[in-house]
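Reading through the structure tokens given below for one structure.
We number each residue from 1, following the sequence as shown.
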Amino acid sequence: MPELENDRFLRALLREPVDMTPVWMMRQAGRYLPEYREVRKQAGSFLDLCKNTELACEVTLQPIRRFPLDAAILFSDILTIPDAMGLGLYFSEGEGPRFERPLTSPADIEKLTVPDPSQELKYVTDAVQLIRKELGGKVPLIGFSGSPWTLSTYMIEGGSSKAFSKTKHLLFENPSAMHQLLDILARSVIEYLNAQIQAGAQAVMVFDTWGGALSHRDYREFSLAYMEKIVAGLLRSHDGHRVPVTLFTKGGGQWLEDMAATGCDALGIDWSTDLGAARERVGDRVALQGNLDPCMLYASPQRIREEVAATLTSFGSGTGHVFNLGHGIHPDTNPDHAAAMIESVHQLSST
């Protein structure tokens, strides 16, 4: 594999000096891009797009061609692991992801096995290999997974949820069954992310989208403990290079110190937490990624530039900042406004 032309993203994650703050966007390959929507039509369905190696590669590369981003992220979905466990993932128009066979009892949990990444999830590692080849060393590639807690909510609820009532019922009524589910998911995530690393992912990220739905105590026991297990089980170097790992809990601002203590390299921060205050709390233990409100991209380019400046000022000088949105870019965002954000980050942070 060729050496990287642009490694500032990896350097920032490792808190090494960079010439400017690197930037990428969560969900940067997606529905806000007209070229993505064309490929999505060609694929037939979202899941078919995820499972088609060439098309998944194409949509991963689309934002890299359009914008001077500092990293590419694998185009996939966080629910690939439960799908590989046989739960029957499908996407319903207007409703998001659904499962044909959600978990309804402890007996269902007993039947689950860790998927083999070289078999049931081979389409993901094939995509990673192809993307690395097609990137040609331009920027690094990020691999990812959902967190055990977040995956469990979809598996039990059968899809998205606001109250997580079925999941929390299991958690409170039968915590041992919940721990059994989270343990098998943690082992699955470790194997899955390590397979992505071996296929060519140069950094990995764990998305704990629904960790913020837990109480202070339950977050530590049912979400963070399993992400810590994942961090401990990951390959932290490959092909002679360090592989940084980032943890992101949406709504997780109150747990930053605990998250930093897992041994990860970086923390994703959503827009509800002040970036400067977060930096004061975690010190130099981890890098920070974030944290512009995705809705700011509805504003004018000048207003976006002002908020980028405020975010950079909030973090302050020194190393260890990857600029990003505080969550995924919204589908109705004007791509020109994303471009204005990226340009502002690079211009305002250049040394």
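- Taking OG from Ser145 and CG from Leu193, the interatomic distance works out to 5.0 Å, rounded to the nearest 0.5 Å.
- For the pair Phe172 and Asp218, the minimum side-chain heavy-atom distance is below 4.5 Å.
- Here the NZ atom belonging to Lys168 is positioned 7.0 Å from the OG atom belonging to Ser215, to the nearest 0.5 angstrom.
- The salt bridge (Lys or Arg N to Asp or Glu O under 4.0 Å) contacts involving residues 176-194 comprise Asp183-Arg187, Asp183-Lys229, where partners must be two or more places apart or lie in separate chains.
- Checked by atom type and distance alone, the side chain of Asp108 pairs as donor or acceptor with a backbone atom of Thr104 at under 3.5 Å.
- Taken to the nearest 0.5 Å, the CD atom of Glu134 stands 6.5 Å off from the CG atom of Leu61.
- At a threshold of 4.5 Å between non-hydrogen side-chain atoms, the residues Tyr32 and Leu297 do not count as touching.
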message: Working note: His327 + Asp293, criterion side-chain hydrogen bond (donor to acceptor under 3.5 Å, both in side chains); need CA distance, chi angles, decisive distance, verdict.
response: CA-CA 7 Å; His327 201 238; Asp293 187 332; over 6 Å; no
- request: Evaluate the criterion salt bridge (Lys or Arg N to Asp or Glu O under 4.0 Å) for residue pair Lys250 and Asp208; output intermediate values, then yes/no.
  value: CA-CA 7 Å; Lys250 187 167 180 262; Asp208 186 32; over 6 Å; no
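- A donor-acceptor distance shorter than 3.5 angstrom exists from the side chain of Ser161 to the backbone of Phe164, with no hydrogens or angles considered.
- The main-chain N or O of Glu35 is found under 3.5 Å from a side-chain atom of Gln62 such that the two form a donor-acceptor pair.
- Applying the ring-ring contact (aromatic ring centres under 6.0 Å, His included) test to every pair with at least one member in residues 115-147, sequence neighbours left out, gives these pairs: Phe144-Phe207.
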- request: Begin from the C-alpha positions of Ser176 and Asn174 and carry the test side chain to side chain contact (heavy atoms under 4.5 Å, CB included) through to its verdict.
  value: CA-CA 6 Å; Ser176 62; Asn174 194 341; 3.0 Å; yes
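- Between the side chains of Gln254 and His216, at least one donor-acceptor pair of N or O atoms lies under 3.5 Å.
- In plain terms, the two heavy atoms of Thr60 and Ile131 that are nearest each other are OG1-CD1, 3.5 Å.
- For Ser105, there are no side-chain hydrogen bond (donor to acceptor under 3.5 Å, both in side chains) partners at least two apart in sequence or on another chain.
- For Glu173, the CD atom is loosely surrounded, since the number of other residues' heavy atoms within 6.0 Å does not exceed 12.
- For the atom pair His179 NE2 and Leu170 CG, the distance stands at 10.5 Å (nearest 0.5 Å).
- Not counting sequence neighbours, Asp284 has no partner by the side-chain hydrogen bond (donor to acceptor under 3.5 Å, both in side chains) test.
- Residues satisfying the salt bridge (Lys or Arg N to Asp or Glu O under 4.0 Å) criterion with Asp265, sequence neighbours excluded, are Arg236, Arg242.
- Remark: the backbone N or O of Thr21 is paired with a side-chain donor or acceptor of Ser349 at under 3.5 angstrom.
- With hydrogens and angles disregarded, a donor-acceptor distance shorter than 3.5 Å links the side chain of Thr150 to the backbone of Trp210.
- The six-membered or imidazole ring of Tyr226 lies away from that of Trp149, with a centre-to-centre distance of 6.0 Å or more.
- For Lys51 and Asp83, the salt-bridge test passes: some basic side-chain N is under 4.0 Å from an acidic carboxylate O.
- Under the ring-ring contact (aromatic ring centres under 6.0 Å, His included) criterion, the residue pairs touching residues 76-109 are Phe46-Phe91, with sequence neighbours excluded.
- In this structure, Gln42 has no side-chain hydrogen bond (donor to acceptor under 3.5 Å, both in side chains) partners at least two apart in sequence or on a different chain.
- Two residues are said to be in side-chain contact when any heavy atoms from C-beta on lie closer than 4.5 Å; His337 and Ile304 meet this criterion.
- Salt-bridge check for Glu221 with Arg217: failed, with every basic side-chain N at 4.0 Å or more from each acidic carboxylate O.
- Between the side chains of Asp332 and Tyr298, at least one donor N or O sits under 3.5 Å from an acceptor N or O.
- Nearest heavy-atom pair, Gln196 versus Val128, reported as atom, atom and distance to 0.1 Å: O-CG1, 3.7 Å.
- The side-chain hydrogen bond (donor to acceptor under 3.5 Å, both in side chains) check on Asp270 picks up Ser272, with sequence neighbours excluded.
- Applying the salt bridge (Lys or Arg N to Asp or Glu O under 4.0 Å) rule to Arg31 yields no partners; only residues at least two apart in sequence or on another chain are considered.
- Residues Ala199 and Gln129 come closest through the heavy atom pair O-CG, 3.4 Å.
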Using distance only, find each side-chain donor-acceptor pair of residues 312-323 under 3.5 Å and give its atom names and separation, not counting sequence neighbours.
| residue | atom | partner | partner atom | Å |
| --- | --- | --- | --- | --- |
| Thr313 | OG1 | Ala309 | O | 2.8 |
| Ser314 | OG | Gly276 | N | 2.9 |
| Thr319 | OG1 | Arg15 | O | 3.1 |
| His321 | NE2 | Gly290 | O | 2.9 |

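- The backbone N or O of Ala340 lies less than 3.5 Å from a partner atom in the side chain of Ser344, making a donor-acceptor pair.
- Here the side chains of Leu33 and Pro335 are in contact, with some heavy-atom distance below 4.5 Å.
- One N or O on the side chain of Arg285 and one on the backbone of Val282 form a donor-acceptor pair closer than 3.5 Å.
- Every residue two or more places apart in sequence or in another chain that forms a salt bridge (Lys or Arg N to Asp or Glu O under 4.0 Å) with Arg281 is listed here: Glu257.
- At a threshold of 4.0 Å, the pair Arg8-Asp19 counts as salt-bridged, since one of the basic side-chain nitrogens sits closer than that to a carboxylate oxygen.
- Contacts of Lys41 classified as salt bridge (Lys or Arg N to Asp or Glu O under 4.0 Å), with partners at least two apart in sequence or in another chain: Glu38.
- In this structure, the separation between CE on Met25 and CD1 on Ile329 is 4.5 Å, given to the nearest 0.5 Å.
- The CG atom of Leu247 lies 6.5 Å from the CG atom of Leu267; values are rounded to the nearest 0.5 Å.
- A donor-acceptor contact shorter than 3.5 Å is absent between the side chain of Arg11 and the backbone of Val18.
- The backbone N or O of Leu10 lies less than 3.5 Å from no partner atom in the side chain of Asp7, so there is not a single donor-acceptor pair.
- With hydrogens and angles ignored, the 3.5 Å screen pairs no side-chain donor or acceptor of Asn324 with any backbone N or O of Val23.
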task: Given salt bridge (Lys or Arg N to Asp or Glu O under 4.0 Å), test Arg65 with Glu58 step by step and report yes or no.
output: CA-CA 10 Å; Arg65 296 191 194 111; Glu58 168 60 23; 2.9 Å; yes
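- Heavy-atom minimum distance, Ser45 versus Arg40: CA-NH1, 3.5 Å.
- Counting heavy atoms from C-beta on, the side chains of Cys264 and Val286 come closer than 4.5 Å.
- Using a 4.5 Å heavy-atom threshold, the side chains of Leu181 and Met155 count as touching.
- A 4.5 Å side-chain heavy-atom check between Leu49 and Tyr36 finds at least one atom pair inside the cut-off.
- Taking the side chain as every heavy atom from C-beta outward, Asp77 and Leu47 never approach each other to under 4.5 Å.
- Side-chain N/O atoms of Asn6 and Asp70 include a donor and acceptor closer than 3.5 Å.
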